[in-house]
Amino acid sequence: MCYNINMERCLVKILGFDVDSFTFEEAVDYAYSTPGQVVTINPEMISNAKSHPELAKVISDAQLVVPDGIGVELGLKILGHNVHRIAGVELGKALIEKFSKEGKSVAFIGAKPEVVKSAVENLKSEIPSLNAVYVKDGYFEDTDSVLTEVTDASPDLVLVALGHPKQEFFINSLKQRLKSATMIGLGGSFDVWAGYVKRAPVFWQKLGLEWLYRTIKEPQRFKRIFPVLPLFVIRVFKERLCNI
Ligand code: UDP
């Protein structure tokens with residue numbers, strides 16, 4: 001690890017993408033003190049970015065890229081890097097706690113209207129100091145108006161749950177206008193905080209099998225991870241062979 005007092009990034013590479021090797025606590029501190037885009041990268045996103053240079057650019061321009069899930073953690077291990085995964089849903093919650101504790105404001109954008117509303121209500125009952133200055137569901141037509149509204153609300157932390165790569169492009173556009181905020185893409189996290197989706201039991205999480213649990217519970221996810229995951233592993237092994 002090369003995190004230091006100056007909060008410099010220490011990057012490792014996987015399939016051409018830089019990933020930060022911060023611990024969870026370091027990632028929270030870094031995201032708190034560094035405005036810009038936080039990407040929670042996973043094998044699906046990497047595979048998608050391989051064939052979409054505009055997404056690859058958004059990822060490489062991000063201020064922080066954390067390995068979300070066992071896929072990237074294992075891939076990095078195969079390449080000789082011992083970096084622990086950081087679940088987006090946990091990082092997002094820790095950031096809300098940290099920003100709220102410091103008296104900063106938060107914006108929530110994404111998910112269905114009832115989901116984002118319940119998510120914010122539940123979070124408020126857990127974190128009384130949470131100051132949600134902007135709350136918007138993720139099914140809007142006029143992206144430009146939403147970008148203007150959230151910029152006018154001037155939040156310090158922006159959580160965007162539109163699924164990838166929509167949320168990454170949205171944040172990239174917002175970054176041009178809202179220069180002092182930390183902005184993170186969080187996939188289905190609002191559904192979890194609202195209580196609409198249950199996370200895997202801790203036992204499954206510890207084994208790195210949360211993806212399998214979610215696929216069993218939501219079989220429609222199977223076509224999203226297959227053939228992406230096996231192809232990802234093959235590509236990582238190829239990269240390792242090339243590095244020998
Ligand atoms: N979503 C949204 N607007 C859209 C498409 C999706 O707000 O146009 C939301 C959706 O309701 C869900 C989240 O984005 O809350 C994506 O969840 P998913 O589980 O697909 O994300 P993942 O964690 O797999 O990236």
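These figures come from a predicted structure and were not determined experimentally. The figures that follow rest on heavy atoms only: side chains count, while hydrogens, waters and symmetry mates do not.
In this structure the side chain of Tyr213 never reaches within 4.5 angstrom of the side chain of Leu209, judged on heavy atoms. Side-chain contact between Ile41 and Ile46: present, with at least one pair of heavy atoms (C-beta onward) separated by less than 4.5 Å. Looking only at side-chain heavy atoms (C-beta outward), Pro43 and Val72 come within less than 4.5 Å of each other. A heavy-atom distance below 4.5 Å is not found between the side chains of Asn82 and Ser21. Within the 4.5 Å cutoff, side-chain heavy atoms of Tyr139 are placed close to those of Lys112. Proximity of Leu229 to Trp211: side-chain heavy atoms (C-beta onward) are separated by under 4.5 Å at one or more points. Side-chain contact check for Ile109 versus Val158: some heavy-atom pair is nearer than 4.5 Å.
Atom OG1 in Thr40 sits 9.5 Å away from atom NE2 in His164 (nearest 0.5 Å). A distance of 12.0 Å separates CZ in Arg221 from CG in Leu212, rounded to the nearest 0.5 Å. To the nearest 0.5 Å, the span separating OG1 on Thr215 from CZ on Phe222 amounts to 8.0 Å. In this structure, Ser129 OG and Ile127 CD1 are separated by 7.0 Å, a value rounded to the nearest 0.5 Å.
Salt bridge annotation for Glu210-Arg214: absent, with no cationic side-chain nitrogen under 4.0 angstrom from a carboxylate oxygen. With salt bridges taken as basic N to acidic carboxylate O contacts below 4.0 Å, one links Lys117 and Glu121. Under a 4.0 Å N-O distance rule, the pair Arg199/Glu90 qualifies as a salt bridge. Salt bridge Lys13/Asp18: present, at least one basic N to carboxylate O contact under 4.0 Å.
For Asn131 and Ser105, the side-chain atoms include no donor-acceptor pair closer than 3.5 Å.
Using a distance-only test at 3.5 Å, with no hydrogens or angles considered, a donor-acceptor pair links the side chain of Glu73 to the main chain of Arg85. Here the side chain of Asp142 pairs a donor or acceptor atom with the backbone of Asp144 at under 3.5 angstrom. Between the side chain of Ser189 and the backbone N or O of Leu186 there is at least one donor-acceptor pair closer than 3.5 Å. Here the side chain of Thr182 pairs a donor or acceptor atom with the backbone of Ala31 at under 3.5 angstrom. The backbone N or O of Gln63 sits less than 3.5 Å from a side-chain atom of Arg9, completing a donor-acceptor pair. Within the 3.5 Å criterion, the main-chain N or O of Thr151 finds no donor-acceptor partner in the side chain of Ser154. Between the side chain of Gln167 and the main chain of Leu162, a donor-acceptor pair closer than 3.5 Å is present.
Every residue two or more places apart in sequence or in another chain that forms a side chain to side chain contact (heavy atoms under 4.5 Å, CB included) with Val236 is listed here: Ile14, Leu15, Ile78, Leu79, Phe232.
A cation-pi contact, defined as under 6.0 Å to the ring centre and within 45° of the axis, links Lys98 to Tyr32.
The two residues Trp193 and Lys93 come nearest to each other via the heavy atoms CZ2-N, 3.6 Å. Contact detail for Lys50 and Phe17: the closest heavy-atom pair is CE-CE1, 4.3 Å.
Applying the side-chain contact (heavy atoms from CB on, under 4.5 Å) test between Asp137 and each of Val116, Val115, Val146 identifies Val116 as the sole match. The only option from Ile86, Val39, Ile184 that meets the side-chain contact (heavy atoms from CB on, under 4.5 Å) definition with Val66 turns out to be Ile86.
For residues 34-65, there are no ring pair (Phe, Tyr, Trp, His ring centres under 6.0 Å) pairs, not counting sequence neighbours.
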>> Working note: Lys217 + Lys198, criterion side chain to side chain contact (heavy atoms under 4.5 Å, CB included); need CA distance, chi angles, decisive distance, verdict.
In response: CA-CA 10 Å; Lys217 291 275 169 194; Lys198 291 258 169 295; over 6 Å; no
> Arg177 and Thr148: side chain to side chain donor-acceptor pair (under 3.5 Å), yes or no, with the steps?
Replying inline: CA-CA 8 Å; Arg177 307 183 187 205; Thr148 305; 3.1 Å; yes
>> Using side chain to side chain contact (heavy atoms under 4.5 Å, CB included), reason through Asp61 and Gln37 one step at a time and then give a plain yes or no.
In response: CA-CA 8 Å; Asp61 287 348; Gln37 180 159 16; over 6 Å; no
> Under the side chain to side chain contact (heavy atoms under 4.5 Å, CB included) criterion, do Leu91 and Val38 qualify, and how do the steps go?
Replying inline: CA-CA 10 Å; Leu91 180 60; Val38 182; 4.2 Å; yes
> Run the side chain to side chain contact (heavy atoms under 4.5 Å, CB included) check on Glu149 and Tyr134 step by step: do they pass?
Replying inline: CA-CA 8 Å; Glu149 284 169 15; Tyr134 185 76; 2.5 Å; yes
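Around CZ of Phe140, the count of heavy atoms belonging to other residues, nucleotides or ligands within 6.0 Å exceeds 12.
Phe190 and Phe108 have their aromatic ring centers within a separation under 6.0 angstrom.
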